[in-house]
Amino acid sequence: MFRNVLCLALGLIVGMQLTELWDYWTLTGEEYESTAIAADTAAPIHTALARASLADWLYHETRVLCLVLTMPAHHKTKAAKVMSTWGARCNKLIFMSSQDDDVLGAVNLNVSESRDNLYAKMRAGFAYAYEHHVEDYDWFLKADDDTYVVMENLRLFLYPFDPEAPVFFGHRFRTSYPHGYMSGGAGYVLSRDALRRLNLFALNNTKFCPLNTNAEDRQIGYCLLNVGVAAGDSRDERGRERFLPLHPRHLMPQIQKGTWLDTYSYFKPNLSDCCSDSAISFHYTKMHEYDRYEFFLYHLRVHGLPEKLSVLPARLTYKQMEEKIDFWNQQISDKTTPLD
Ligand SMILES: *[C@@H]1O[C@H](CO)[C@@H](O)[C@H](O)[C@H]1NC(C)=O
Ligand SMILES: *[C@@H]1O[C@H](CO)[C@@H](O)[C@H](O)[C@H]1NC(C)=O
Ligand SMILES: *[C@@H]1O[C@H](CO)[C@@H](O)[C@H](O)[C@H]1NC(C)=O
């Protein structure tokens, strides 16, 4: 009798331990989120292990295809630098060019090189991404070959948002149409649904999406507006921009008052506090600067300071996402005069 009870108790204990072991082995990404990071309370990540793997985990969770606008004359210079630095952190990197290049992964989009053709090239690039990759990635980033992107910050920023919602993010400029457009040089990112809408309903319709020689960014912004894609707000909680269409030397220590950034930005920038500490992009990168960014961002450590902990924001529910989109659609510029 006593032996039977003992066996039962031992059996229960072993069973419970095995269950825990099983749980441990089968820990998935979602559980990583809820156990290690406590997303709903936005708690800091405590262990060095969790912090090191947050970027890795996000790499699989928030998948970004990067479309980089380049040309054959830049294949061995700027494009090669993009590929060996930030571009290597994209889930997939495609250079949009007018010549194939297997080393680079450049695609010949059959559009002849000229400034007037950038918009045509961009249309072909988005069509290519849609045709070959729309289901394989969550977000589709357009950048120039002189944009520098901090991919980890891009993923952390995008993580809360549903890629099946019609939205795009970037540095928002104002223009003659109400919702403005995102700067091409700072890079802008389309959700999967935005890419789908662009291809299904805009690129085949010259009323929504005219063929012309306008600037690529302005024109794509117009096409997206016409198919119901919201211009999202990518500023941080203190109103500082994350996508920056300038070189840091023109942003720090101060943006000059009355310069084009001050005039054209949809939201009035704080001239003396321009840039988010979770900034995503800078523009006008020179050949020697890609590696400098790498050094300052990924190698240099300031020893002896308390470490900054990353926080994984909570993912929005469908309803919260809808409310965000309504809010973004109603956000109006800090400036009232429309531009041409
Ligand atoms: C460009 O044209 C060539 C030759 O017609 C074709 O094989 C290729 O698929 C085209 N590329 C794209 C991206 O459409
Ligand atoms: C564009 O394609 C969509 C989806 O196939 C179709 O519903 C729409 O009518 C097309 N628009 C034009 C102007 O052809
Ligand atoms: C601009 O940034 C500075 C420095 O962070 C801050 O003191 C100031 O209050 C900000 N101004 C506005 C209008 O937010």
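When a ligand or atom number is given, it counts from 1 through the structure's own listing order.
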Exercise: identify the closest heavy-atom pair between P269 and L261 = CG-O, 4.4 Å

Under 4.0 Å, heavy atoms only, figure out whether ligand 3 is touched by the backbone of R238, its side chain, both or neither.
-> side chain

Could you tabulate the donor-acceptor pairs under 3.5 Å formed by side-chain atoms of residues 322-330, not counting sequence neighbours?
{"from": "E323", "atom 1": "OE2", "to": "K319", "atom 2": "NZ", "distance (Å)": "2.9"}
{"from": "N329", "atom 1": "ND2", "to": "I325", "atom 2": "O", "distance (Å)": "3.3"}

Which residue pairs pass the ring-ring contact (aromatic ring centres under 6.0 Å, His included) test when at least one of the two sits in residues 201-235, sequence neighbours left out?
-> Y177-Y222

Can you list every pair where an N/O of ligand 2 is under 3.5 Å from an N/O on the protein?
{"from": "ligand 2", "atom 1": "2 (O)", "to": "L200", "atom 2": "O", "distance (Å)": "3.0"}
{"from": "ligand 2", "atom 1": "2 (O)", "to": "N204", "atom 2": "ND2", "distance (Å)": "2.3"}
{"from": "ligand 2", "atom 1": "11 (N)", "to": "N204", "atom 2": "ND2", "distance (Å)": "3.1"}

Answer yes when K81 and E289 have at least one side-chain N-carboxylate O distance shorter than 4.0 Å, and no when they do not.
-> no

Atoms in ligand 1 flagged as close to N108, the criterion being non-hydrogen separation under 4.0 Å | 11 (N), 12 (C), 13 (C)

Atom pair CG (N214) and CG (L118), whose distance is rounded to the nearest 0.5 Å | 12.0 Å

I332, CD1: over 12 other non-hydrogen atoms inside 6.0 angstrom = no

N/O of Y128 under 3.5 Å from N/O of ligand 1, yes or no?
-> no

Give me the other members of the hydrophobic cluster that F267 sits in, counting Ile, Leu, Val, Met, Phe, Trp and Tyr linked by side-chain heavy atoms under 4.5 Å, directly or via other members.
-> Y266

